[in-house]
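Input: a single structure, listed below in structure tokens.
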Amino acid sequence: MKLELNEQQILEKYIPGISLLNEEDKEKALGACSSLNIYQINAGKQKIRGKGQDYFSIHEPCRTRTSICDFADLLSYDTPHWQYQNHHFASGNEVDKERSEELADAMDVPKYYSTAPEEFISQYNGDWAGLFIENTFYYASLYSAVHFILNAIEKTVFSWIEQRYPYRIQMNSYLCQENTLREPLYRVEFTTNNQTNNDCAHDARMAYRNFENSLRPKLNQYLNTQTPATYIIYGTDYNGNPTVDLICKNDNTLALIRPARFIEDFMPKTQSPEYLDFLSRKHTKQATDRLLDLGF
């Protein structure tokens, strides 16, 4: 109740009288707000919802509602989530419901994990987060390096596939031969989805998924042989508000970062993200070579 009251005060600061409106009119009032006001409102709410030195919090519906700052480190927060997800993935259609409930409950109770379990692959894959860095509120995305690299590879490879097998709506223009006008006359035709290219693009994406599934554990193991490191990439969203990608190199890195002191632990380990670009380019080349070998 106190949290709701504090958030209501923030809304009143930027939208006077909103507390007197019904839910429908509140939505309209929020929709009419400028992007700056929405950013200011979210920044105010972050100082209420976030915890620790940086008012840090995760905003993912599939994650536990227990604050990440109540956990000892990023690894301890991620491990029970991985155990729950892995149980469902490995069980297929025959999920042990009792075990599933046990693992779901375990996610809500902070527990210290000194090391990652066998076959563990971090689940930080662009998790939505919020925090303050040097008194500035940022919309953040939290990644493990393995997912950040795989996402970059997928984006480039899928673009390569679409260029190789264009199947979306295309516009073609032709100069009309039978034209009595002095000015050139063009005819425009639209070609809709080409089924053959559509099928080939689908098959190529499936072949890439097989490559990705094979690469993921190998890349994760390779990164885990290296020293801890973090990477930070600043940006802005489409409204010009500050964003940041926060990337942890490996499991040892996750174990060294305390959510309650996130920036204090994260920043000293920061290295150039060019290394991530290098690995992305390297494995993208492997992926496209593999697709070419398969006849795509």
Side-chain angles (χ1 to χ4, degrees), residues 1-74 76-78 81 107-108 110 122-144 147-148 151 230-248 254 257-267 270 273:
M1 181 63 72
K2 184 178 180 181
L3 175 66
E4 293 177 357
L5 287 173
N6 288 337
E7 291 190 356
Q8 197 64 47
Q9 291 172 354
I10 293 170
L11 288 173
E12 280 289 339
K13 178 179 178 180
Y14 296 101
I15 314 174
I18 192 172
S19 59
L20 303 176
L21 302 177
N22 58 40
E23 290 302 317
E24 183 179 351
D25 289 338
K26 282 182 181 179
E27 291 295 325
K28 291 180 180 178
L30 284 168
C33 270
S34 67
S35 60
L36 175 59
N37 276 355
I38 293 296
Y39 170 78
Q40 291 170 327
I41 289 169
N42 288 336
K45 287 183 176 181
Q46 189 64 34
K47 286 197 171 183
I48 298 173
R49 295 179 177 179
K51 285 187 174 183
Q53 290 183 343
D54 315 300
Y55 301 101
F56 182 48
S57 65
I58 293 284
H59 310 297
E60 284 291 336
C62 61
R63 292 275 189 178
T64 174
R65 297 187 67 178
T66 304
S67 171
I68 189 173
C69 290
D70 292 342
F71 290 77
D73 49 58
L74 293 181
S76 297
Y77 178 77
D78 200 31
H81 179 71
M107 288 194 296
D108 297 332
S122 172
Q123 300 295 291
Y124 294 118
N125 189 5
D127 288 27
W128 292 353
L131 80 168
F132 281 78
I133 302 175
E134 295 182 350
N135 297 319
T136 297
F137 170 60
Y138 283 84
Y139 297 116
S141 298
L142 183 59
Y143 291 91
S144 63
H147 288 301
F148 188 86
N151 289 347
T230 59
Y231 309 91
I232 187 165
I233 302 174
Y234 292 100
T236 56
D237 64 14
Y238 56 89
N239 287 318
N241 299 315
T243 63
V244 64
D245 290 337
L246 302 163
I247 307 153
C248 296
L254 297 176
I257 297 177
R258 299 165 293 177
R261 295 177 175 271
F262 187 88
I263 293 300
E264 178 184 327
D265 292 345
F266 188 93
M267 287 303 192
T270 302

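By convention here, the first residue in the shown sequence is residue 1. All heavy atoms count here, side chains included; hydrogens, waters and symmetry mates do not.
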Q53 side chain near R258 side chain, heavy-atom distance below 4.5 Å
no
Quick one: does Y124's side chain have a donor or acceptor within less than 3.5 Å of a partner on L254's backbone?
no
Find out whether T230 and I257 are in side-chain contact, i.e. whether some heavy atom of one side chain is under 4.5 Å from a heavy atom of the other.
yes
Only pairs under 3.5 Å count here: list side-chain donor-acceptor contacts from residues 126-138, not counting sequence neighbours, and write none if there are none.
unit_1 : atom_1 : unit_2 : atom_2 : d
D127   : OD1    : N125   : N      : 3.2
D127   : OD2    : R63    : NE     : 2.9
D127   : OD2    : R63    : NH2    : 3.0

In Å, rounded to the nearest 0.5 Å, how long is the span from CZ of F71 to CG of D78?
10.5 Å
Is it the case that Y143 and N151 place a side-chain donor and acceptor less than 3.5 Å from each other?
no
Heavy atoms, side chains only, cut-off 4.5 Å: are P259 and C69 in contact?
yes
Rounded distance (nearest 0.5 Å) linking atom CD of Q9 with atom CD1 of I48:
7.5 Å
Any donor-acceptor N/O pair, S57 side chain to G50 backbone, under 3.5 Å:
no
Look up atom CZ in F262 and atom CG in L246, then write down how far apart they are to the nearest 0.5 Å.
4.5 Å
What I'd like to find out is whether the side chain of I15 reaches to under 4.5 Å of the side chain of N37, using heavy atoms alone.
no
Heavy atoms of T66 and D108 approach each other most closely as OG1-O, 2.8 Å
Separation of S35 OG from Q40 CD (nearest 0.5 Å)
9.5 Å
To the nearest 0.5 Å, tell me how far L11 CG sits from K26 NZ.
8.0 Å
What donor-acceptor contacts under 3.5 angstrom involve side-chain atoms of residues 237-244, with partners at least two apart or in another chain?
unit_1 : atom_1 : unit_2 : atom_2 : d
D237   : OD1    : N239   : N      : 2.9
D237   : OD1    : G240   : N      : 3.0
D237   : OD1    : N241   : N      : 2.8
D237   : OD2    : N241   : ND2    : 3.4
T243   : OG1    : G235   : O      : 3.3
T243   : OG1    : T236   : N      : 3.3

Going by side-chain contact (heavy atoms from CB on, under 4.5 Å), name the residues that satisfy it together with K13, two or more places apart in sequence or in a different chain.
none
I58 vs T64, side-chain contact (heavy atoms from CB on, under 4.5 Å): CA-CA, chis, key distance, verdict:
CA-CA 9 Å; I58 293 284; T64 174; over 6 Å; no
Decide whether E12 and S19 meet the rule of one side-chain donor and one side-chain acceptor closer than 3.5 Å.
yes
If I take atom CD from residue Q46 and atom CD1 from residue I10, how far apart are they, to the nearest 0.5 angstrom?
10.5 Å
What are the two closest non-hydrogen atoms of F148 and I233, and how far apart are they?
CZ-CD1, 3.7 Å
Residue pair Q8, I18: steps toward the side-chain contact (heavy atoms from CB on, under 4.5 Å) verdict
CA-CA 9 Å; Q8 197 64 47; I18 192 172; 3.9 Å; yes
